[in-house]
Amino acid sequence: MSVLKIHNTLTRQKEVFVPINEGHVNLYVCGMTVYDFCHIGHARVMVVFDMVSRYLRYLGYQVKYVRNITDIDDKIIARSIENNENYSQLTKRFIDEMHKDEAALNVRHPDLEPLATDSIDDMIAMIKTLIKKEHAYIGANGDVYYAVDSFKNYGQLSKRQLDDMNAGERIDVDENKLNPFDFVLWKSAKEGEPSWESPWGDGRPGWHIECSAMATCCLGNHFDIHGGGMDLQFPHHENEIAQSEAATGEKYVNTWMHNGFVRIDDEKMSKSLGNFFTVRDVLKQYRGEEIRFFVLSSHYRSALNYSDDQLKESRAAIERLYTALRHVDAVENSIKSPYIERFEKAMNDDFNTAKAISVMFECANELNKLKMTAPDEASKLASDLLKMGEPLGLIGQDPEEFLHSDMGAKSTIKSDAIEKAIARRLQAKLDKNWALADQIRDELKDQGVILEDAGKETTWRRASA
RNA sequence: GGCUGAGUGGCAGAGUGGUUAUGCAGCGGCCUGCAAAGCCGUGUACAGCGGUUCGAUUCCGCUCUCAGCCUCCA
């Protein structure tokens, strides 16, 4: 039996995972800033860490999964002014939309989903401590800053030295700061901005402090795994470590996990570059499970290139798995099959979903072979296949329902119309009127419906027209 | 400038010091009224140059190319 190893950004190595409290895992992931629809990059974070939490549960751990929501920041304020919409109305709207995307991608809801604006008191308490311990100071402009020079391990996560970085590379150096890399903990409110009372006047929290406060409140000062996108490594997570460890005097996180980017034409997908596809848009053409498969088809730390061809391949792949599961009853396999063992070995190797999925295909291949010759064996393999799909959040739907499900504008013909056409074709076949039978089949094909004759039964599925 | 990561067959994408990844596409066959699905067979792949080794795509060095971060970002 292999053991779970996870790549830790702190050490840049795969490490055997040992939870702080036996049998329990505390997991925190940086979630979305809610001022717009989620794009495919956000989908990757949601899906990857959903898979991680599912697999940890699969292994028998009791998991507490926290994913925060950033519902106050500069971009939210800017967007609410732009829309002439109250900021909390705006964020509420996009939180709802995010939850819809989550459901479409078969992402389970995290155990806790704290809001930044519900955690202001905790942040203020932490900032007070930081000032008291002389890790933070009040600038001439009234903002509160964290003093990076006061934290000796600053740069440990992103593996960079303060001296090596080019301060002011992109942004003018703020002269209120002692060190250009000092960052804001509390920002004074400008006229008309949403604000909260604090010992330093009305204002709002800086970005990084919210995660330190929410994570430690929900999971304690020291917890097992903290995740997020690669781009959060610096400065966000570096700053979280600095704040949390300076405030609590304890180690903050054991294992840091960072997922790679989604790219388009070899360029990072991001809101600032404007080259993003929203989950909403992609769902118009592809099923949620196809997007999910696409995300899991490569290792979570590699770059993932988004393209229409990729989504089409994911469709073909997932359809193959569901096709294998048709017309077979899953019956629990009493012994642990080699497929399951190889699946677990792959997943234990830093969540190698690409390899794990390849094991599922091998299992599907054997299942297809045994379906006709040895139904009992096939039933066991079907059960194995479903067992592997569960932690990946794949192939959990009824196969017929999935294959019949609508997947976009091209296939709009209703199910009962399809059934009627199939009945007409059956009569034509009985009459040996092959020309008519083929014509009906071709007509359906033009409408995105593929027929498959199996003995006297005809099954159908939707495909791209 | 500093710091990361990556370059695998037509495409996508794992992995390994010597033996089949896997999926899609292609080709040949079985099955089928014909298809579809499925099954079987089929591909002289590992950026370049050196080195270590009996043997390297896999380890080491150099070169080239690409991507990411250096206070917007998942």
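Every chain is numbered from 1 and lettered A, B, ... according to where its sequence line falls, protein lines coming before strand lines.
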Undergrad: Has A/Phe361 got its ring stacked on the base of B/G23, with centres under 5.5 Å and planes less than 30° apart?
TA: no
Undergrad: Examine the base of B/G2 for any acceptor or donor lying under 3.5 Å from a partner atom in the side chain of A/Asp163, and report the outcome as yes or no.
TA: no
Undergrad: Rounding to a whole Å, what distance do you find between A/His258:NE2 and B/C73:P?
TA: 13 Å
Undergrad: Can you find a side chain N or O atom of A/Asn352 that sits less than 4.0 Å from OP1 or OP2 on B/G15?
TA: yes
Undergrad: Could you tell me whether the phosphate oxygens of B/A36, OP1 or OP2, come under 4.0 Å of any side-chain nitrogen or oxygen in A/Arg425?
TA: no
Undergrad: Within this structure, what is the CG-to-P distance between A/Asp73 and B/C72, rounded to whole angstrom?
TA: 11 Å
Undergrad: Can you check the A/Gln310 CD to B/C11 P distance for me, whole Å?
TA: 12 Å
Undergrad: Could you tell me whether A/Asp266 contacts a base, only the sugar-phosphate backbone, or nothing, with contacts defined as non-hydrogen atoms closer than 4.0 Å?
TA: sugar-phosphate
Undergrad: Will you find, in the side chains of A/Asp143 and A/Ser188, an N or O donor that is under 3.5 Å from an N or O acceptor?
TA: yes
Undergrad: Evaluate the criterion ring-ring contact (aromatic ring centres under 6.0 Å, His included) for residue pair A/Phe277 and A/His39; output intermediate values, then yes/no.
TA: CA-CA 5 Å; A/Phe277 287 84; A/His39 60 60; over 10 Å; no
Undergrad: Determine the interatomic distance between P on B/C59 and the same-named atom on B/G7; round to the nearest Å.
TA: 11 Å
Undergrad: Under 4.0 angstrom, heavy atoms only, what part of the nucleic acid is A/Gly228 near: base, sugar-phosphate, or nothing?
TA: sugar-phosphate
Undergrad: Record whether the side chain of A/Arg44 comes under 3.5 Å of the base of B/A74 through a donor-acceptor pair of N or O atoms.
TA: no
Undergrad: When rounded to the nearest 0.5 angstrom, what distance separates CD1 in A/Ile450 from OG1 in A/Thr459?
TA: 11.0 Å
Undergrad: Let me spell it out: for each of A/Asp182 and A/Ile357, pick the nucleotide of RNA chain B with the closest heavy atom. Which residue's pick is nearer the 5' end?
TA: A/Ile357
Undergrad: Only one of A/Ile395, A/Asp398, A/Leu381 forms a side chain to side chain contact (heavy atoms under 4.5 Å, CB included) with A/Leu325, so which one is it?
TA: A/Ile395
Undergrad: Within this structure, what is the CZ-to-P distance between A/Arg160 and B/C3, rounded to whole angstrom?
TA: 11 Å
Undergrad: To the nearest 0.5 Å, what is the distance between CZ on A/Arg79 and OG1 on A/Thr91?
TA: 13.0 Å
Undergrad: Report yes if a donor N or O on one partner sits less than 3.5 Å from an acceptor N or O on the other, where the partners are the side chain of A/Lys271 and the base of B/C72; otherwise report no.
TA: no
Undergrad: Name every donor-acceptor pair, under 3.5 Å, that has one atom in a side chain of residues 256-264 of chain A and the other anywhere in the protein, sequence neighbours excluded.
TA:
unit_1, atom_1, unit_2, atom_2, d
A/His258, ND1, A/Thr9, OG1, 2.7
A/His258, NE2, A/His237, ND1, 2.8

Undergrad: Between B/U58 and B/G18, how far apart are the C1' atoms? Round to whole Å, please.
TA: 11 Å
Undergrad: In whole Å, measure the gap between the P atoms of B/G29 and B/A36 for me.
TA: 14 Å
Undergrad: Between A/Lys312 and B/A12, does any side-chain N or O lie under 4.0 Å from OP1 or OP2?
TA: no
Undergrad: Checking all strands, does A/Val262 fall into the base, sugar-phosphate, or nothing category for heavy-atom contacts under 4.0 angstrom?
TA: base
Undergrad: Between B/C3, B/C69, B/G33, which one does the side chain of A/Lys268 approach most closely?
TA: B/C69
Undergrad: Strictly below 4.0 Å: does A/Asn305 bring a side-chain N or O up to OP1 or OP2 of B/A12?
TA: no
Undergrad: In the strands shown, is B/C3 matched to any nucleotide by a Watson-Crick or G-U wobble pair with both distances under 3.5 Å, and which?
TA: B/G68
Undergrad: What integer distance in Å separates A/Lys456:NZ from B/A36:P?
TA: 23 Å
Undergrad: Just how far, in rounded Å, is C1' of B/C34 from CG of A/Leu451?
TA: 13 Å
Undergrad: Just name whichever nucleotide pairs with B/G9, Watson-Crick or G-U, keeping both distances under 3.5 Å, else none.
TA: none
Undergrad: Considering just the side-chain nitrogens and oxygens of A/Lys445, establish if one lies under 4.0 Å of OP1 or OP2 belonging to B/A35.
TA: no
Undergrad: Between B/U57 and B/U16, how many Å separate the two P atoms, rounded to a whole number?
TA: 16 Å
Undergrad: For A/Ser298, answer base if it contacts any base atom (sugar-phosphate contacts may also be present), sugar-phosphate if it contacts only those atoms, and nothing otherwise; contact means non-hydrogen atoms under 4.0 Å.
TA: sugar-phosphate
Undergrad: OP1 or OP2 of B/G38 versus the side-chain N and O atoms of A/Arg320: is any pair under 4.0 Å?
TA: yes
Undergrad: Which listed nucleotide (B/A14, B/C73, B/C40) is nearest to the side chain of A/Ser302?
TA: B/A14
Undergrad: Contact class for A/His208 (heavy atom, under 4.0 Å): base, sugar-phosphate, or nothing?
TA: nothing
Undergrad: Please give the distance between the P atoms of B/A6 and B/G10 as a whole number of Å.
TA: 23 Å
Undergrad: Answer with base, sugar-phosphate or nothing: what part of the nucleic acid does A/Met269 contact at a heavy-atom distance below 4.0 Å?
TA: base
Undergrad: Just compare B/C73, B/A37, B/G33 and give me whichever is closest to any side-chain atom of A/Asp453.
TA: B/G33
Undergrad: Nearest to the side chain of A/Lys369, which nucleotide is it out of B/C40, B/C11, B/A21?
TA: B/C40
Undergrad: Between B/G48 and B/C39, how far is it from one C1' atom to the other, in whole Å?
TA: 42 Å
Undergrad: Nearest to the side chain of A/Lys355 - B/C73, B/G15, B/A37?
TA: B/G15
Undergrad: By nearest nucleotide on RNA chain B, pick out whichever of A/Val184 and A/Leu232 is the more 5' one.
TA: A/Val184
Undergrad: What is the nucleic acid contact for A/Phe234, judged by heavy atoms within less than 4.0 Å: base, sugar-phosphate only, or nothing?
TA: sugar-phosphate
Undergrad: Look at the side chain of A/Trp207 and decide which nucleotide, out of B/C73, B/A74, B/U22, has an atom nearest to it.
TA: B/C73
Undergrad: Could you tell me whether A/Arg12 contacts a base, only the sugar-phosphate backbone, or nothing, with contacts defined as non-hydrogen atoms closer than 4.0 Å?
TA: sugar-phosphate
Undergrad: Quote, to the nearest angstrom, the P distance that separates B/A12 from B/A47.
TA: 14 Å
Undergrad: Round to the nearest Å and state the distance from A/Lys75 atom NZ to B/C72 atom C1'.
TA: 5 Å
Undergrad: For a 4.5 angstrom cut-off between non-hydrogen side-chain atoms, does A/Val66 reach A/Val29?
TA: no
Undergrad: Could you check whether A/Arg320 makes a cation-pi contact with A/Phe361, meaning its NZ or CZ is under 6.0 Å from the centre of the six-membered ring and within 45° of the ring axis?
TA: no
Undergrad: To the nearest Å, how far apart are A/Met360 CE and B/G13 C1'?
TA: 16 Å
Undergrad: Answer with yes or no whether the side chains of A/Gln233 and A/Ser158 bring together a donor and an acceptor at under 3.5 Å.
TA: no
Undergrad: What's the gap between B/C40 and B/C62 when it is taken at their C1' atoms, as a whole Å value?
TA: 47 Å
Undergrad: For B/U58, give the paired nucleotide (Watson-Crick: N1-N3 plus N6-O4 or O6-N4; G-U: N1-O2 and O6-N3; both under 3.5 Å), or none.
TA: none
Undergrad: Does a nitrogen or oxygen in the side chain of A/Asn368 sit under 4.0 Å from OP1 or OP2 of B/C39?
TA: yes
Undergrad: Scan A/Asn259 against the nucleic acid and name what it touches under 4.0 Å (heavy atoms): base, sugar-phosphate only, or nothing.
TA: base
Undergrad: Below 4.0 angstrom, N of the basic side chain to O of the carboxylate: do A/Arg287 and A/Glu319 qualify?
TA: yes
Undergrad: If we call it a pair only when both distances are under 3.5 Å in a Watson-Crick or G-U wobble match, what pairs with B/U44?
TA: none
Undergrad: Identify whether any heavy atom of A/Ser270 sits under 4.0 Å from a base atom; if not, whether one sits that close to sugar-phosphate; answer base, sugar-phosphate or nothing.
TA: base
